[in-house]
K.L.:
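First the structure, then my questions, so here it is.
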Protein chains: 2
Amino acid sequence: MAREQAGRRPTVETISAEAGVSVSTVSRALRNDPRISAERREAIAAIAQRLGYTPHANARALVTRRTGIVGFVTGSRSNPFYPQLLETLVERARLRALRIMPLHMSRDPLSESSIQALLQYQMDGCIITSAELSSRAADICQANEVPLVMVNRVPRLHGCAVSCNNFAGGEMIGAFLAAGGHRRIAIVLGTPNASTSSEREAGASQAAARAGLEILARVAGHSTYAGGFEAASVLWSLPERPDAIFCVNDIMAFGMMDGLRRLGVRIPEDVSVVGFDDVDQASWGAYDLTTVAQPVGDMVDRALDMLDMRIRRPGLAPEIAYLGGLLKVRSSARSAPA
Amino acid sequence: MAREQAGRRPTVETISAEAGVSVSTVSRALRNDPRISAERREAIAAIAQRLGYTPHANARALVTRRTGIVGFVTGSRSNPFYPQLLETLVERARLRALRIMPLHMSRDPLSESSIQALLQYQMDGCIITSAELSSRAADICQANEVPLVMVNRVPRLHGCAVSCNNFAGGEMIGAFLAAGGHRRIAIVLGTPNASTSSEREAGASQAAARAGLEILARVAGHSTYAGGFEAASVLWSLPERPDAIFCVNDIMAFGMMDGLRRLGVRIPEDVSVVGFDDVDQASWGAYDLTTVAQPVGDMVDRALDMLDMRIRRPGLAPEIAYLGGLLKVRSSARSAPA
DNA sequence: TTGAAAGCGATACCAA
DNA sequence: TTGGTATCGCTTTCAA
């Protein structure tokens, strides 16, 4: 029975009283249940509109067991790729009536409270895109049957994943550098054990090998600006200097370019530098970085597709998608003469 | 009565059955209600632990009318200040058992569905930090009595706000440039009507005036990289060229520097460039930008304080806090000889 | 200190 | 097509 609650938001009950129908009917009408006659539905919609009614997601979630919330675990914004991914995700999710809740956004270890939130808020699914943090969160998801999609990360055992075709992207880079007449290619690796890093490196190495080139050196860059910056000194003090440097992601390439210039090295005259990701800064004048653009929009849509399907049909077999990247030729690397 | 639900997460009822006490007791024990005896509480905690119990936030929210969710409205990541703010916010909020839900993260107009989400999910509060979007969201919050704090934005009528002391920061910049012997200062403005932009500009102008200088020119930069880049040509084709350029935020300063260099202008030999924000890229080698660092961590904490208090005590009077910024002297501008 | 029971706001089953 | 009612998981009076 409806106790009149002053100053509270209207509920289905408020509407049902107003319309002189049951709450079931109101609920159905509001969700466009075909069983409700058109005129009644319109009448109810009008009342809802007039009252400024908005359904309470919590109450609904309690019975439907669907919250419409998707958790998101990511690395720090110090790699601009992550904010770009998040921004795209929030926007694309909205179009599917899904909301993103960032659980973690830093290099710190995943805190227990972040994990708890995933369960407490009964999130419908989770998207993970940080190499370091994935295992822990993945375990929790699996144990609690929360659909999970990894982005830019190969699932450990089984699970869903969407990723740029890193190997193919690496190959593009390798082939591009070889075609540009480079003979001494060095590679700066990212986060240790990250699949993105090793796949891109493998692709580039293979393409180089195909052109009869061996990789001159492989050094660590830790997927940070500082790592790339420091790698510059390391590579430039090698007995044989590289004529091309492939940083497996853009953020390291920026550090590399700044590090090299600090040493007086000219880019691309003395050495070509290429990256991977095509974040915003790659097209900035200071870098104008040749790189491989990840198809972020498509990746996000694909990830949401996978998630959506598994939210609807739990237990669906895991699936992995590789989406092709696009080589962006800019001025940080010498190209083959046209 | 507890119907045995296979494969479902344990609830207070599961625990109550296991412990042989009522659900009320379980609920109280789990929340450390002092009325429950220590031994009983421990026993219940142990069972909860063993069962892997986690409270359902939705169910709890339904009765307590508190969700622990704070909405966040922000501009696009193309200004790196926003991701930095978000990252800090997520982390600091976690420490207070609050979760952040991004409602909007782009330059697009605020969509109706984003607004709806604020109400549907019964968010406890909202933090807004985009100049363009604030009015709309602020109205909704006010109408629905959702506590709101604006960050880096002066509230229109009344409302809470936390902001860097933009005027003082602008003054630091103006004084610094004057002390460095600059005589012809130009200012690149950001988003039209944004308080941050006009306050910083006013501060710098005033400090310049105090040093007997008039601002040479004021041009639009739209708070984007491209805007800064284009402003470079505008300023450099002025009959009298500036010897210092203050971009009211870093993102425009990056565009400015790249634009100037494109024109063959040397920084800081030909012209000094300074910014405001101290985003990550400001310390990158390519820019090494002199700027004012916003105290992001403190700002976020302060904003959460304000929100927290108003969630607890609705109707608390609005409050505004200005936090001091810190001048970061780097090499993009000539300094006064020591 | 503990328990029984009434909600919170919505959905969904079962009848009519 | 519609209504009555149980239910989702938890908190919170009100009694004991």
Side-chain angles (χ1 to χ4, degrees), chain A residues 1-44 48 51-68 116 119-124 144, chain B residues 1-44 48 51-68 116 119-122 124:
Chain A
M1 41 226 76
R3 189 120 33 82
E4 210 31 65
Q5 305 282 11
R8 256 189 207 171
R9 281 173 42 191
T11 70
V12 279
E13 179 135 7
T14 321
I15 298 178
S16 86
E18 195 90 354
V21 297
S22 73
V23 291
S24 331
T25 302
V26 172
S27 173
R28 291 183 186 118
L30 258 21
R31 282 171 301 135
N32 294 319
D33 187 307
R35 290 178 297 183
I36 304 297
S37 69
E39 46 189 329
R40 183 150 281 187
R41 174 177 28 207
E42 277 162 34
I44 291 176
L51 264 38
Y53 169 81
T54 304
H56 285 217
N58 297 315
R60 177 180 285 175
L62 204 54
V63 37
T64 62
R65 302 177 170 284
R66 297 272 306 285
T67 56
Q116 287 299 328
L119 303 177
Q120 295 182 218
Y121 286 95
Q122 300 263 94
M123 304 195 186
D124 289 342
N144 293 276
Chain B
M1 43 227 76
R3 188 118 36 83
E4 211 30 66
Q5 304 282 12
R8 255 187 208 173
R9 278 172 45 190
T11 70
V12 279
E13 178 133 6
T14 322
I15 298 178
S16 87
E18 195 89 354
V21 297
S22 73
V23 292
S24 336
T25 302
V26 171
S27 172
R28 292 182 185 119
L30 257 21
R31 281 171 303 133
N32 295 317
D33 187 308
R35 290 178 297 185
I36 303 298
S37 68
E39 45 189 328
R40 183 151 282 189
R41 174 177 30 212
E42 276 162 34
I44 291 176
L51 264 39
Y53 170 81
T54 303
H56 286 217
N58 297 315
R60 177 178 286 176
L62 203 54
V63 35
T64 61
R65 300 174 173 287
R66 295 272 305 287
T67 56
Q116 287 300 328
L119 303 177
Q120 295 182 218
Y121 286 96
Q122 299 264 93
D124 290 342

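Here is how names work: the chains are called A, B, and so on, in the same order as the sequence lines, proteins then strands, and each is numbered from 1.
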K.L.:
Expressed in angstrom and rounded to an integer, what is the separation of B:Ile44 atom CD1 from D:dC10 atom C1'?
P.N.:
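My rounded result for the distance is 15 Å.
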
K.L.:
If only side-chain N and O atoms of A:Arg40 are considered, is one of them under 4.0 Å from the OP1 or OP2 phosphate oxygen of D:dT1?
P.N.:
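Answer no for this pair, as no side-chain N or O of A:Arg40 is under 4.0 Å from OP1 or OP2.
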
K.L.:
Between C:dC8 atom P and A:Arg60 atom CZ, what is the distance in whole Å?
P.N.:
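In whole Å, C:dC8 P lies 19 Å from A:Arg60 CZ.
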
K.L.:
Under the 3.5 angstrom rule, does the side chain of B:Thr25 hit a backbone N or O of B:Val21 as a donor-acceptor pair?
P.N.:
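Not a single qualifying donor-acceptor pair exists.
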
K.L.:
Rounded to the nearest angstrom, tell me the gap between atom OH in B:Tyr121 and atom C1' in C:dC8.
P.N.:
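Between C1' of C:dC8 and OH of B:Tyr121: 18 Å.
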
K.L.:
Side chain of B:Thr25: nearest nucleotide among D:dG3, C:dG3, D:dT11?
P.N.:
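The answer is C:dG3, which lies nearest to the side chain.
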
K.L.:
To the nearest Å, give me how far apart CZ (A:Arg8) and P (C:dC8) are.
P.N.:
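Whole-Å distance recorded here is 7 Å.
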
K.L.:
Check whether any side-chain N or O of A:Thr11 sits under 4.0 Å from OP1 or OP2 of C:dG9, and answer yes or no.
P.N.:
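For C:dG9, OP1/OP2 do not have a side-chain N/O of A:Thr11 under 4.0 Å.
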
K.L.:
Whole Å only: how far is the CD atom of B:Gln122 from the P atom of D:dT11?
P.N.:
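So the CD-P distance, B:Gln122 to D:dT11, works out to 16 Å.
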
K.L.:
Between D:dT12, D:dT5, C:dA10, spot the one nearest the side chain of B:Arg31, thanks.
P.N.:
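Minimum distance to the B:Arg31 side chain belongs to D:dT12.
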
K.L.:
Can you measure A:His56 atom NE2 to C:dC8 atom C1' for me and round it to whole angstrom units?
P.N.:
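My rounded result for the distance is 10 Å.
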
K.L.:
Short question: side chain of B:Asp124, backbone of B:Thr67 - any donor-acceptor pair under 3.5 Å?
P.N.:
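A pair under 3.5 Å: yes.
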
K.L.:
A:Arg28 near the nucleic acid: base, sugar-phosphate alone, or nothing, with a heavy-atom cut-off under 4.0 Å?
P.N.:
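Touches a base.
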
K.L.:
What is the distance from CZ of A:Arg65 to C1' of C:dA10, rounded to the nearest Å?
P.N.:
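Rounded to the whole Å, the gap is 14 Å.
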
K.L.:
Please check if any side-chain donor atom of A:Arg41 sits under 3.5 Å from a side-chain acceptor atom of A:Ser37, or the reverse.
P.N.:
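The criterion, which ignores hydrogens and geometry beyond distance, is not satisfied for A:Ser37 and A:Arg41.
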
K.L.:
Please figure out whether B:Ile36 or B:Val63 has its closest DNA chain C nucleotide nearer the 5' end.
P.N.:
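Upstream on the strand: B:Ile36.
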
K.L.:
Does B:Leu30 reach the side chain of B:Ile15, with side-chain heavy atoms less than 4.5 Å apart?
P.N.:
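Yes. Closest side-chain heavy atoms under 4.5 Å.
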
K.L.:
With nearest nucleotides of DNA chain D determined for A:Ser24 and A:Pro34 from heavy-atom distances, which residue corresponds to the more 5′ nucleotide?
P.N.:
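Nearest nucleotide further toward 5': that of A:Pro34.
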
K.L.:
Does C:dT1 have its OP1 or OP2 closer than 4.0 Å to a side-chain nitrogen or oxygen of B:Ser37?
P.N.:
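It does not, given that no N or O in the side chain of B:Ser37 lies less than 4.0 Å from OP1 or OP2 of C:dT1.
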
K.L.:
Select from B:Arg35 and B:Leu62 the residue whose nearest nucleotide in DNA chain D is closer to the 5' end of that strand.
P.N.:
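The residue closer to the strand's 5' end, by nearest nucleotide, is B:Leu62.
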
K.L.:
Of the nucleotides C:dG3, D:dT12, D:dG3, which has the atom closest to the A:Ser22 side chain?
P.N.:
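So the side chain of A:Ser22 is nearest to D:dG3.
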
K.L.:
It should be established whether B:Arg66 places a side-chain nitrogen or oxygen under 4.0 Å from OP1 or OP2 of nucleotide D:dT11.
P.N.:
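No, outside the criterion.
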
K.L.:
Which of these, B:Glu42, B:Arg31, B:Arg28, sits in a side-chain contact (heavy atoms from CB on, under 4.5 Å) with B:Ile36?
P.N.:
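So the option named by the test is B:Arg28.
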
K.L.:
Send over the distance from A:Glu13 CD to C:dC8 P, rounded to a whole Å.
P.N.:
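Nearest whole value for this atom pair: 8 Å.
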
